[in-house]
Amino acid sequence: MTSPAPAQPRILSGMQPTSDSLHLGNYLGALVNWVGLQEDFDAYYFVADLHALTVPTDPADITRRSRVTAAQYIAGGVDPERSAIFCQSHVREHTELMWVLACQTAFGEASRMTQFKDKTARGHNANVGLFTYPILMAADILVYDAARVPVGDDQRQHLEITRDLAERFNTRFGDTLVVPEPHILKESARIMDLQEPTAKMSKSGSSDKGLISMLDEPKRIAKKIRSAVTDADGEIRFDAEAKPGVANLLSIHSALSGTPIPQLEAGFAGRGYGDLKQEVADVVVTAIEPYQQRMAELMDDPGELDNILAKGAARASEVAAATRDRVYERVGLLAAQR
Ligand code: TRP
């Protein structure tokens, strides 16, 4: 039997601590959704620090970025009083469950994961951790009996293997794990690279000029927006095909100001790109300022942040330990006398 259902269905998601700042695309694509979901769900948001070890990284970077990533969840509006915020490595049940799941995963099945195939095809010198990445991710999810997992479309295959593993486990050992529903985040706004507006905004994009980092200096943000690529026709209307640069600026404005795009088009009728860029820069800077202020407070007080992470981990461990015990028992491991 699975544990009694929580009052609200549980959701879980995580980001890897692989950068020193989220960018506007991460913020609007993921974090804003996470914040909204905590109203209706019992939410668990973690820093996937163990996943970040799958590519060689400087230890000091992992440490710093783990704090930064957790702080950005909070600065973006995840409420630690309501949602559990924690580091994956602080809840050992993730890796404990992972081992059992690894022993239920066919070698060929793991070999078919596209993210692994893509990385190795690009000449990445892959380690075994990268190979088992999806199994750790499945454990992250299943250890919380998560009903839903809000992630971007690029994680779809990982959710499928998670569901397969849960179903397989339940078939072999009896009903034990909750099979999660995917909750693929529909991008309210597709945020594109400012310099190359046909590509999604991404850390690995064209250049730093194309990317708005949530922790960029406001002046730098305004400058990047002023030098965003547009087109020669001079008319401000939303046409992602023919006018990707202008469409992107309108999307960013609309996502942050809440003004519907047709209303923006009407307001900008007869005006030039300079005006549009100035207004978008103002909207972005206004939205980002309180976020940056909260970030600075959190980073100034690492003790308080570590406290929040400790509380989150304690809350997470309670749920995770119960699942681990259930799973260990089902596969026949002799119960430890604790
Ligand atoms: N693989 C996810 C990413 O790179 C991060 C992640 C790890 C995750 N474990 C997870 C997301 C569990 C959701 C649920 O974006």
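First listed ligand is number 1; within each ligand, the first listed atom is number 1.
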Ligand 1-proximal atoms of [X], by part, heavy-atom distance under 4.0 Å:
X	value
Gln16	side chain
Gln155	side chain
Tyr144	neither
Asp154	neither

Give the ring-plane orientation class for Tyr73 versus Trp34, where under 30° counts as parallel, over 60° as perpendicular and anything between as tilted.
-> perpendicular
Tyr291 vs Tyr27 aromatic rings, parallel, tilted or perpendicular, using cut-offs 30° and 60°?
-> perpendicular
Taking N or O atoms only and a 3.5 Å limit, does Ser13 qualify as a polar contact for ligand 1?
-> no
Examine Tyr133 against ligand 1 and note whether any of their N/O atoms are separated by less than 3.5 Å.
-> yes
Under 3.5 Å, is there a donor-acceptor pair linking the side chains of Ser89 and Asp49?
-> yes
Ser83 and Gln38: side chain donor to acceptor below 3.5 Å = yes
Check each atom of ligand 1 against the heavy atoms of [X] and keep those under 4.0 Å away; list them by number with element.
X	answer
His51	7 (C), 9 (N)
Phe46	9 (N), 10 (C), 12 (C)
Val149	13 (C), 14 (C)

Would you say the side chain of Ile85 lies within less than 4.5 Å of the side chain of Tyr44, judging by non-hydrogen atoms?
-> no
May I ask you to test the Gln72-Asn26 pair for a side-chain heavy-atom distance under 4.5 Å?
-> no
Closest to atom 9 (N) of ligand 1 by heavy-atom distance, out of Thr162, Ile141, Asp140, is Asp140
Results of side chain to side chain donor-acceptor pair (under 3.5 Å) for Lys209 - residues two or more places apart only = none
Treating Ile, Leu, Val, Met, Phe, Trp and Tyr as nodes and any side-chain heavy-atom pair under 4.5 angstrom as an edge, say whether Met299 and Met214 lie in one connected cluster.
-> yes
Identify the closest protein heavy atom to atom 13 (C) of ligand 1: which residue and atom is it, and at what distance?
-> Val151 CG1, 3.5 Å
Considering only protein heavy atoms, which is closest to atom 5 (C) of ligand 1, and at what distance to one decimal place?
-> Gly14 O, 3.6 Å
Identified side chain to side chain donor-acceptor pair (under 3.5 Å) counterpart of Gln104 within the set Arg172, Arg168, Glu109 = Arg172
Residue-ligand contact Met15/ligand 1, heavy atom below 4.0 Å = no
